[in-house]
Amino acid sequence: MKKLLTGLVTLFIVSQSFAQDKDVVNHKNSWLKIGPAISLPVGDVSNFSSFAAGVDLNGQLMATRNFGIGLASGYTHYFGKNNIDGFGTVPVGLLLRYYPKAEGFFAGTDAGYTFFTSGNNTGGMYIKPQLGYHNYDWNIYGFYNHIFGKDNNIDVQAVGIAATYNIRFK
């Protein structure tokens, strides 16, 4: 995991060296993304939760014309089943996106640390690869989210869909 985070930080630093107008943050190259996400737990966590819903909140800066970087966060609640309480997660991570064209398909990932809002575990590292469609105002994407920790009792996996609206800085 240390190698993954080191690689992401290196990618961020390298991308900044090639950024266009990197000193100017404006409505053309940066925005907030906010919207709903729903997912189905898979793996071991599906024994305890059958559905998860939440909100994604991201801040993005276009480092180049095709590459976006930023911060990823939000909240997801995993609803419990079989008389087991649900739990919430709050991710804090790095957002990386590749946009081949100004409108169309994109690929990306969020990676960082997720905090649990209840239970004995405090949290674990996460990675959330995504494939989707974007235009000037919206991003619609499918994702796989995996939260894992050093101890073997943290292994939360889910697949889902999300839509975020782009709120531009003025």
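Below, each value reflects all heavy atoms present in this structure, side chains not excepted, and no hydrogens, waters or symmetry copies.
Legend: residues meeting side-chain hydrogen bond (donor to acceptor under 3.5 Å, both in side chains) with Y165, ordered by chain and number and at least two apart, are absent. Residues meeting the side-chain hydrogen bond (donor to acceptor under 3.5 Å, both in side chains) test with D110, sequence neighbours left out: Q130. By the side-chain hydrogen bond (donor to acceptor under 3.5 Å, both in side chains) test, T76 is found to be paired with no residue, residues two or more places apart in sequence or in another chain being considered. For D137, the salt bridge (Lys or Arg N to Asp or Glu O under 4.0 Å) partners at least two apart in sequence or on another chain are R168. A search for salt bridge (Lys or Arg N to Asp or Glu O under 4.0 Å) contacts involving K33 returns nothing, not counting sequence neighbours.
Taken to the nearest 0.5 Å, the OG atom of S49 stands 10.5 Å off from the CG atom of N82. Summarising the geometry, atom OG belonging to S30 is positioned 12.5 Å from atom CD1 belonging to I167; distances are rounded to the nearest 0.5 Å. Put simply, CD1 on I34 and CG on N139 are 13.0 Å apart, with the number rounded to the nearest 0.5 Å.
Residues T89 and V156 are not in side-chain contact: their nearest non-hydrogen atoms beyond the backbone lie 4.5 Å or more apart. A heavy-atom distance below 4.5 Å is not found between the side chains of P41 and F48. At least one side-chain heavy atom of D155 sits less than 4.5 Å from a side-chain heavy atom of H146. A heavy-atom distance below 4.5 Å is found between the side chains of L61 and N29. Between T164 and Y141, the closest side-chain pair of non-hydrogen atoms falls below 4.5 Å. Counting heavy atoms from C-beta outward, I161 and I140 have side chains that stay 4.5 Å or more apart.
Each of Y113, F115, F116 was evaluated against T122; a single residue qualifies, Y113, per the side-chain contact (heavy atoms from CB on, under 4.5 Å) test.
Minimum heavy-atom separation, F87 to T117: C-OG1, 4.3 Å. Scanning all heavy atoms of the two residues, the minimum distance from V92 to S73 falls at CG2-OG, 4.5 Å. Scanning both residues, D56 and A162, for their nearest heavy atoms gives OD2-CB, 3.9 Å. Closest heavy-atom contact between Y126 and A72: OH-CB, 3.9 Å. S118 approaches G86 most closely through the heavy-atom pair OG-O, 3.8 Å. The two atoms that bring S39 and F143 nearest to each other are CB-CZ, 3.9 Å, heavy atoms only.
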L96 vs I69, test: side-chain contact (heavy atoms from CB on, under 4.5 Å). Steps then yes/no.
CA-CA 5 Å; L96 302 168; I69 58 172; 3.8 Å; yes

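Under the 3.5 Å distance criterion, the side-chain polar atoms of S46 are matched with a main-chain donor or acceptor of G43. Between the side chain of T114 and the backbone N or O of V90, no donor-acceptor pair lies under 3.5 Å.
Tracing side-chain contacts under 4.5 Å through hydrophobic residues (I, L, V, M, F, W, Y), one never reaches L131 starting from Y144; they form parts of separate clusters. Put simply, I147 and I38 are part of two different groups of oily side chains (I, L, V, M, F, W, Y) that touch within less than 4.5 Å, one to the next. A single hydrophobic cluster is not seen to contain both Y75 and L71; linkage of ILVMFWY side chains at heavy-atom distances under 4.5 Å, directly or through other members, places them apart.
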Taking only distance into account, with no hydrogens and no angle test, what donor-acceptor pairs under 3.5 Å do side-chain atoms of residues 99-107 form with protein atoms, sequence neighbours excluded?
from	atom 1	to	atom 2	distance (Å)
Y99	OH	Q60	OE1	3.0
Y99	OH	Q60	NE2	3.3
E103	OE2	Y133	OH	2.8

